[in-house]
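This is a predicted model, so every value here is computed, not measured. Labels below follow one simple rule: chain letters A, B, ... track the order of the sequence lines, proteins then strands, and each chain is numbered from 1.
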Amino acid sequence: SQQGEEDPQALSIQEGENATMNCSYKTSINNLQWYRQNSGRGLVHLILIRSNEREKHSGRLRVTLDTSKKSSSLLITASRAADTASYFCATDAEFSGGYNKLIFGAGTRLAVHP
Amino acid sequence: NAGVTQTPKFQVLKTGQSMTLQCAQDMNHEYMSWYRQDPGMGLRLIHYSVGAGITDQGEVPNGYNVSRSTTEDFPLRLLSAAPSQTSVYFCASSPGQGRQYFGPGTRLTVT
């Protein structure tokens with residue numbers, strides 16, 4: 001089962017524009033994370049936002065979390081061609097045996113054109 | 001630090017063959033996980049470990065075995081490969097309940 005659902009599935013923009021990706025989830029969470037995956041590579045952690053936080057910034061990234069709507073958004077400002085990648089949200093949906101299992105969404109494919 | 005390493009990078013198996021995907025981390029992380037990624041989908045958890053000697057099943061464990069004899073290593077064994085196991089496999093480690101560090105992946109094809 002997929003806890004997180006990203007929207008849109010694909011996004012195509014020009015360099016310099018902002019890119020916004022959304023994630024919705026179903027159950028209560030402790031934290032929500034965003035990861036980036038370049039084609040054919042492993043996932044790279046971008047940012048973690050806890051359930052008691054509403055907004056977090058890291059460089060050109062801005063993440064918001066609305067626990068009442070069970071949704072999060074990732075904003076990339078002033079996008080660059082190097083931002084071309086797939087972006088995934090992940091939530092710690094289930095705690096078992098001392099481990100918070102991460103559940104990933106299907107991702108948003110971002111293409112930034114020069 | 002090398003971080004999380006995985007071998008091999010690519011593998012082709014015939015149906016029914018067995019093999020082991022290797023994963024190692026040099027960050028002294030307690031938590032390690034195996035995921036598979038199929039086209040157009042996110043990662044799905046296969047097995048995980050919260051420390052040496054402790055493993056448990058994830059979302060899609062059937063057809064896979066794991067063991068964790070040391071903190072550093074977490075191999076994934078395919079017992080009898082099936083075409084449905086064609087996928088990209090990622091290993092990850094974590095120091096706690098937070099961000100995970102991913103390896104570069106193993107692309108497996110079962111014919």
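In this structure, OH on B:Tyr35 lies 5.0 Å from CZ on A:Phe104, to the nearest 0.5 angstrom.
Here B:Met32 sits in one hydrophobic cluster together with B:Leu13, B:Met19, B:Leu21, B:Trp34, B:Ile46, B:Val60, B:Tyr64, B:Val66, B:Phe74, B:Leu76, B:Leu78, B:Tyr89, B:Leu108, B:Val110; the rule is ILVMFWY side chains under 4.5 Å apart, joined directly or through other members.
Side chains of A:Gln37 and B:Gln37: a donor on one and an acceptor on the other come within 3.5 Å.
Under a hydrophobic clustering in which Ile, Leu, Val, Met, Phe, Trp and Tyr are joined whenever their side-chain heavy atoms come within less than 4.5 Å, directly or via other members, B:Leu45 and B:Ile54 fall into the same cluster. Tracing side-chain contacts under 4.5 Å through hydrophobic residues (I, L, V, M, F, W, Y), one never reaches B:Tyr31 starting from B:Val4; they form parts of separate clusters.
Counted within 6.0 Å of CZ on B:Arg68, heavy atoms from surrounding residues, nucleotides or ligands total more than 12; the atom is thus considered enclosed.
Scanning residues 41-62 of chain A against chain B with a 4.5 Å non-hydrogen threshold yields A:Arg41, A:Gly42, A:Leu43, A:His45, A:Leu48, sorted by number.
Ranked by non-hydrogen atom pairs under 4.5 Å with chain A, the options B:Gly105, B:Gly103, B:Gly98 are led by B:Gly98.
When heavy atoms are compared at a cutoff of 4.5 Å, B:Tyr101 does not approach chain A at all.
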